[in-house]
Structures are given as C-alpha cells and as structure tokens.
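Order of the sequence lines sets the chain letters (A, B, ...), proteins ahead of strands, with each chain counted from 1. Side chains are part of it too, since the values below use all heavy atoms of this structure and drop only hydrogens, waters and symmetry mates.
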Amino acid sequence: MVHGVPEPGLPPDLPPADGIGKADQVILPDTTSATKSSATRENVAKARNLPKGSDKFAAAVEASGLTDISKDLAEHKEKF
Amino acid sequence: MGDNEMPEQALVADILGQELSKEASQLARKAAEDSESIEHKLLSLEAHAKRIEHELSQYMLIAKKRISDGFWSCIDATKELARLDSTINLESLESDVRIAFSRFDSVARVKDMSGKTVEGMTWKELLGLSDATLQLFYQAAKSLFDCGQHPKAEAAFFFLTTVDYKQYAFWLGLGHAAFHVGNLNQAINAYEMADSCQPGSIYPSLYVANCFEALNDYQEALLALEKADTDYKSQDTKDPELEHAIRERIMRAKLKA
C-alpha cells in the first residue's frame, strides 16, 4: 500500500472512531467539491439487495431485528 | 398485566415477526407485478411473487440474525477492549444501551419509530443512543476486523449500519469485512453507500474496483477506477503518489477489460 492507496487485494485500514455520530457535520478535507451526504433510506434498501419500493419493509426488518435484541436484553440481565 | 399496560418485549418481537411475514408477502406481490425481468416472462405472476416472497423471507431471517449477532459481537469485543483500557466505562455503556432498547416496549411505538426511519431518521436518533456508545461499538467492530475475525466484524458493521446508516466509516467497515469473507456483492453495495455518505470521496470507488477485480470483471473495475480518478481531479489537494497509483491501475484494468 502506498500512502493509503488501495492496491488490488484490499487494504485493511479503517478510519479512527473520531467523528462517529457527527455525520451531518462531516466536511471533506481539502475538497471544494464536497457535497452533503446523499445517503437515503432508498439507498439502504438497495444496498441490502432489496427490490425497489422496499424502504418500509427494510425498516420493518430492522425494527424486528432490534426488537429481538431488546427482548434478549430484557430476558438476560446478566449478559453484560 | 392490565389492559393499558404495554406488552412484554418478547410479545412485541413475536407480533412484529408475524406482521413482517405479511409485509413480505404484499411486497413480493407488488414487486412481481412491477417486474420486467425475464423471470417474470417465464413464470406466472403467482409463481414469480412466491419466489420473491421466499427471497424476502430469507433476507428477513438473515438480516435479523446479523443485527442480533452484530450487537452481541460489539458487546463482547467492547468487553475485550475494556480489559486493556481502563478508561472504557462498561457501566455507562450498559446503561445507555439498556435505556435505548427499553424503548421497544409496545408494537405501536416500534411501528411509529419504524415509520420515522422510513422518513430518514436513524435508529440512533430514535433510540437516543449516545455518540460515545457508537464510537465504542465502532472501535469494537474495528478491533474484530483488525484481529482477522471477519465474519464477526461483518455482523458488527451490519448492526452499526442498521443503527446509523449515515456513517461513512460503518459502511466502509461493512465493505472491508464483507470483502474478506468473500461476500463481494455485499461489499460493493456497502462501498456505494459509503460513497453516498461522503460524495466525492476517492476511496470507496477504489475499493469497489478491488471487488470487481476479484470478480474478474475488469470492465466494471475500470469504471470504478475512472470515477476515483474524476473525484481525485476535483480535489484541490494533490497527491502525486495517489494520482500515479490510480493511473497505473486504470492502465492495468484497460489491458484486461
């Protein structure tokens, strides 16, 4: 890898944790063409390989998955 | 439990699970009607809808398991980190997480929150998870990745992208972990999401190119590299080594495309 340039095969580097939770304030460094995030729920459904118009379904699956965690937490208080 | 009391978390989870199956069926029917694929022409509408419903049901099971596995992977990895780092406050983390997840206390509330996520809000915002908790979970997921525990890292980043889909680093992590477990389509999709979180960023396109090269699809790899080149040119700051590396990769991809 040269100065963080990914070669075929993949670099393992991930950004540090600083800035997590501040997505809306992210400004690309030294970039005049930086634009605001265009991440949308529709894109998320697409990223999950779901058919067009699945936004509601994708959100419902997420809700169901997170509710399962809530159930686990309620049932297993010793897990932490 | 009285009439006005909220049902238990387990009951909420069961009811949501059942409703989700119905939603999958309705969505499959609509997707089959709207489909213009070859499958649609070869199969009856009913058969096509059934096939889509089966795929959605599979997705539902896999996604729910990944979200849950990913959460517990984050918890376990955070505990490991806390053994080495005394500044990590597990009690505070537990309190934040338990308060956040206790909000899934009725079907009506979960449905309301689900509707708000469709409008663009994140689960992080709706549950009130703190930045500190997400930073800690990210560190945990990253540590799994750095240790080579890629399947666990993939689940952890899947969970994180579920909780907050607006984070560039979460999608990048999901892409990297998916790449290493050979889930290249998932990796490509994740990098595309990373790109949408930080439009103009060069690296997601380079990583997409890596995936297509691994798939021996040099035509698509070339397109991704050319996008990286375009994004590089639009930046004010120049890095000759990066520029040279991108150009070289484009030349190599052209030879193989």
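Listed by chain and number, the residues in a ring pair (Phe, Tyr, Trp, His ring centres under 6.0 Å) with B:Trp171 amount to none (sequence neighbours excluded).
With rounding to the nearest 0.5 angstrom, the CG atom of B:Leu61 is 9.5 Å from the OG atom of A:Ser64. Note that CD of B:Glu192 and NZ of A:Lys46 are 6.0 Å apart. Values are rounded to the nearest 0.5 Å. Rounding to the nearest 0.5 Å gives a distance of 6.0 Å between CE of B:Met60 and CZ of A:Phe57.
Heavy atoms closer than 4.5 Å to chain A are found in both the backbone and the side chain of B:Glu94. Both the backbone and the side chain of A:Ser54 come within less than 4.5 Å of a heavy atom in chain B. In this structure, no portion of B:Gln26 lies under 4.5 Å from any heavy atom of chain A.
When each of B:Gly17, B:Ala190, B:Ala24 is checked for heavy-atom pairs under 4.5 Å with chain A, B:Ala24 comes out on top. By number of non-hydrogen pairs under 4.5 angstrom with chain A, the leading residue of B:Leu27, B:Ile202, B:Leu126, B:Leu16 is B:Leu27. Of the listed residues (B:Leu56, B:Ile52, B:Thr122), the one with the most heavy-atom contacts under 4.5 Å to chain A is B:Leu56.
For the pair A:Asp72 and B:Phe71, the minimum side-chain heavy-atom distance is 4.5 Å or more. Side-chain contact between B:Ile67 and A:Asp68: absent, with no pair of heavy atoms (C-beta onward) separated by less than 4.5 Å. Between A:Asn49 and B:Tyr59, every side-chain heavy-atom pair lies at or beyond the 4.5 Å cut-off. For the pair A:Val44 and B:Met193, the minimum side-chain heavy-atom distance is below 4.5 Å. With a 4.5 Å cut-off on side-chain heavy atoms, A:Thr40 and B:Tyr165 do not count as touching.
Here the shortest heavy-atom pairing between B:Glu23 and A:Lys56 reads OE1-O, 4.0 Å. The nearest pair of heavy atoms linking A:Glu75 to B:Ala10 is OE2-CB, 3.9 Å. In terms of heavy atoms, B:Cys197 sits closest to A:Ser37 at O-CB, 3.4 Å. Nearest heavy-atom pair across B:Val12 and A:Thr67 is CG1-CG2, 3.8 Å. Between A:Val61 and B:Lys64 the shortest heavy-atom distance is O-CG, 4.0 Å. Nearest approach of A:Leu73 to B:Arg98, heavy atoms of both residues: O-NH1, 2.9 Å.
With 3.5 Å as the limit, one finds a donor-acceptor pair spanning the side chains of A:Arg48 and B:Thr161.
A:Ser70 places a side-chain N or O within 3.5 Å of a backbone atom of B:Phe101 that can act as its donor or acceptor partner. Within the 3.5 Å criterion, the main-chain N or O of B:Ser196 finds a donor-acceptor partner in the side chain of A:Ser38.
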Verdict with supporting geometry, A:Leu66 and B:Phe159, side-chain contact (heavy atoms from CB on, under 4.5 Å)
CA-CA 9 Å; A:Leu66 294 169; B:Phe159 164 72; 3.9 Å; yes

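Looking at B:Asp34 and A:Lys52, no side-chain N of the basic residue comes within less than 4.0 Å of a carboxylate O on the acidic one, giving no salt bridge.
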